[in-house]
Amino acid sequence: MTTAQPKPASDFLQVMSERGFIHQCSDLAGLDKAASEGRITAYVGYDCTAPSLHVGSLISIMMLSWLQEAGGKPIALMGGGTTRVGDPSGKDETRQLRTIEEIDANKDGIKQVFSRFLKFGNGKSDAVMVDNAEWLAPLNYIDFLRDVGRHFSVNRMLTMDSAKMRLEREQELSFIEFNYMLLQAYDYVELSRRYGCNLQMGGSDQWGNIVTGTDLARRMGVKDQLFALTCPLLTTASGAKMGKTASGAIWLNDAQLSAYDYWQFWRNTEDADVERFLKLFTKLPMGEIAKLAALAGAEINDAKKILATEATALIHGRDKAEAAAETARKTFEQGTLASDLPTIEISWSDLEAGLAVPMAFVNAGLAASNGEARRHVQGGGFKINDVTVANDKAQVSAADITSDSVIKLSLGKKKHVLLKPV
């Protein structure tokens with residue numbers, strides 16, 4: 001018989017536990033005690049590989065936010081240094097190395113989202129944002145090997161998932177990537193020394209790197225106990241990776257993905273995921289979530305709309321979230337053409353010449369390739385101005401412009417984009 005785990009004493013771990021954030025913890029009782037005593041400063045690292053984080057990163061951002069609400073101090077660590085190396089975790093091939101200029105530009109884009117979730121300042125529980133390039137970039141390689149590298153066993157490093165999976169699949173693991181776990185472990189040491197950080201959080205694929213950091217800190221003389229806490233790497237009920245769709249990643253920044261498209265992503269949640277996602281990706285009280293989770297049949301769609309609006313409000317603000325919900329209502333329930341549907345501009349000359357249907361839908365972001373677009377046509381999935389496209393040789397032209405001076409492209413019943421001639 002399995003013994004039930006005692007309820008955590010700290011507000012932080014109570015939230016983490018009841019909402020499903022906990023996958024692994026190095027010492028749950030010890031972390032609970034430290035959190036109860038108000039002694040938690042925690043960080044999550046974010047490498048600057050793109051100009052925006054995607055929704056897969058949102059779970060760890062929520063963890064930092066809940067930590068701050070419980071009185072802990074969050075650290076958002078920008079990977080200006082580690083991005084120059086590239087994290088091999090979960091990848092079958094070497095990441096493309098980016099220039100310093102690209103990394104800095106991506107870092108500026110990534111920073112935008114955190115002010116929605118964290119309060120920054122100089123107070124005890126105010127969040128701080130730091131860049132690991134601050135201590136990694138000036139490192140002397142020989143000194144680093146002597147001071148840090150000597151504490152690492154190559155035998156043990158080869159058993160880490162990030163290296164093991166690549167080798168088992170006979171995929172190349174570059175020497176520079178092999179060093180990544182040393183740098184991430186050293187981040188923990190530096191943050192502990194500089195900020196009193198005693199908890200690193202991240203996805204379950206980071207477990208090996210995080211506990212290596214706790215071990216390195218002990219070997220390098222850090223006296224305080226350091227903790228590791230990971231959250232599950234989410235997949236949907238049907239097994240798809242969270243944050244990825246056929247048309248690309250679900251970005252958190254407005255410049256990469258509109259509030260409406262972000263709302264639609266959550267509205268399209270599978271029935272079996274609604275309760276779990278309400279717990280993880282909204283701040284709704286647990287009692288309200290329980291009521292929504294009890295809805296069945298067609299009423300589950302009401303819960304999905306609430307999930308979409310609450311999740312979108314956290315990222316884009318309440319006004320944009322409610323506007324997205326209203327746009328969806330007009331489009332799907334009233335059948336009217338909402339002017340704030342996602343819109344892309346197209347030149348008059350292209351329309352007058354005629355644009356092939358596959359290319360038009362790819363340009364609108366409703367298909368990833370011409371081949372995928374043709375398959376949608378064959379399956380009856382594409383519509384122009386609510387009329388099903390029957391031939392992939394057809395063209396979108398000036399003759400399709402409606403009285404609203406736009407052309408409406410649709411994929412299924414829920415994805416719509418307006419083409420606006422300019």
Side-chain angles (χ1 to χ4, degrees), residues 5 8 12-32 35 40 42-47 49 53-67 72 74-77 79 82 86-92 95 156-169 171 173 177-178 180-185 187-188 191 197-217 226-244 249-250 252 272-273 275-277 279-281:
Q5 291 293 321
F12 173 59
L13 283 185
Q14 280 183 30
V15 170
M16 291 295 98
S17 177
E18 68 185 8
R19 287 184 176 262
F21 284 97
I22 299 175
H23 180 71
Q24 287 174 291
C25 183
S26 57
D27 178 359
L28 199 58
L31 179 60
D32 192 30
I40 295 297
Y43 91 95
V44 179
Y46 302 91
D47 277 349
T49 55
L53 296 174
H54 62 71
V55 78
S57 300
L58 188 54
I59 187 169
S60 63
I61 298 174
M62 293 293 287
M63 292 171 80
L64 289 174
S65 179
W66 284 116
L67 172 78
I75 300 175
L77 179 66
T82 41
D87 183 2
S89 300
K91 295 294 178 183
D92 284 337
R95 290 181 188 264
R156 185 165 180 267
M157 290 170 73
L158 288 172
T159 67
M160 298 288 188
D161 284 344
S162 56
K164 184 180 175 183
M165 290 173 62
R166 191 81 70 82
L167 296 175
E168 285 177 349
R169 296 173 185 173
Q171 301 283 350
L173 177 69
E177 289 177 294
F178 195 52
Y180 187 93
M181 65 182 76
L182 277 73
L183 300 180
Q184 183 172 337
D187 281 346
Y188 204 171
L191 288 170
C197 180
N198 59 350
L199 171 63
Q200 183 182 172
M201 303 188 294
S204 58
D205 61 336
Q206 294 295 319
W207 177 255
N209 289 347
I210 295 174
V211 295
T212 298
T214 64
D215 182 61
L216 177 65
L226 303 189
F227 301 96
L229 177 65
T230 61
C231 56
L233 285 182
L234 285 187
T235 57
T236 64
S238 60
K241 187 175 181 181
M242 182 73 180
K244 298 286 186 180
I250 304 301
L252 300 184
D273 288 324
E275 180 179 8
R276 185 165 55 122
F277 289 178
K279 290 178 180 178
L280 292 170
F281 299 113

(message) Please report the interatomic distance CG(Leu199) to CZ(Phe12), rounded to the nearest 0.5 Å.
(response) 6.0 Å
(message) I need the His23 NE2 to Trp207 CH2 distance, nearest 0.5 Å.
(response) 8.5 Å
(request) Please report the shortest heavy-atom distance between Gly203 and Thr230, naming the atom on each side. (result) O-CG2, 3.6 Å
(request) Hey, could you give me the CG/CG distance between Asn209 and Leu183, rounded to the nearest 0.5 Å? (result) 10.0 Å
(message) Restricting to non-hydrogen atoms, name the atom on Cys197 and the atom on Tyr43 that form the minimum distance, rounded to 0.1 Å.
(response) SG-CD2, 3.5 Å
(message) Can you confirm whether Gln184 sits close enough to Ile210 that some side-chain heavy atom of one is under 4.5 Å from a side-chain heavy atom of the other?
(response) yes
(message) To the closest 0.5 Å, what do you measure between CG (Asp47) and CG (Leu77)?
(response) 8.5 Å
(message) Tell me the closest heavy-atom pair linking Phe281 and Ile59, and the distance in Å.
(response) CE2-N, 3.9 Å
(message) Do Leu280 and Met62 have side chains that approach each other closer than 4.5 Å (heavy atoms only, starting at C-beta)?
(response) no
(request) Write down the atom of Tyr188, the atom of Leu226, and the distance for their closest heavy-atom approach. (result) OH-CB, 3.5 Å
(message) Run the side chain to side chain contact (heavy atoms under 4.5 Å, CB included) test against Ser17 and tell me which residues pass, sequence neighbours left out.
(response) Pro8, Ile22
(message) So Leu234 and Arg276, do their side chains get closer than 4.5 Å, heavy atoms only?
(response) yes
(message) Among Val44, Leu58, Leu229, which residue satisfies the side chain to side chain contact (heavy atoms under 4.5 Å, CB included) criterion with Met63?
(response) Leu229
(message) Which heavy atom of Ile40 sits nearest to which heavy atom of Asn198, and what is that distance?
(response) CA-OD1, 3.6 Å
(message) If I take atom CD1 from residue Ile61 and atom CE from residue Met201, how far apart are they, to the nearest 0.5 angstrom?
(response) 11.0 Å
(request) Could you grab the distance from atom CG of Leu31 to atom CG of Leu13, nearest 0.5 Å is fine? (result) 4.5 Å
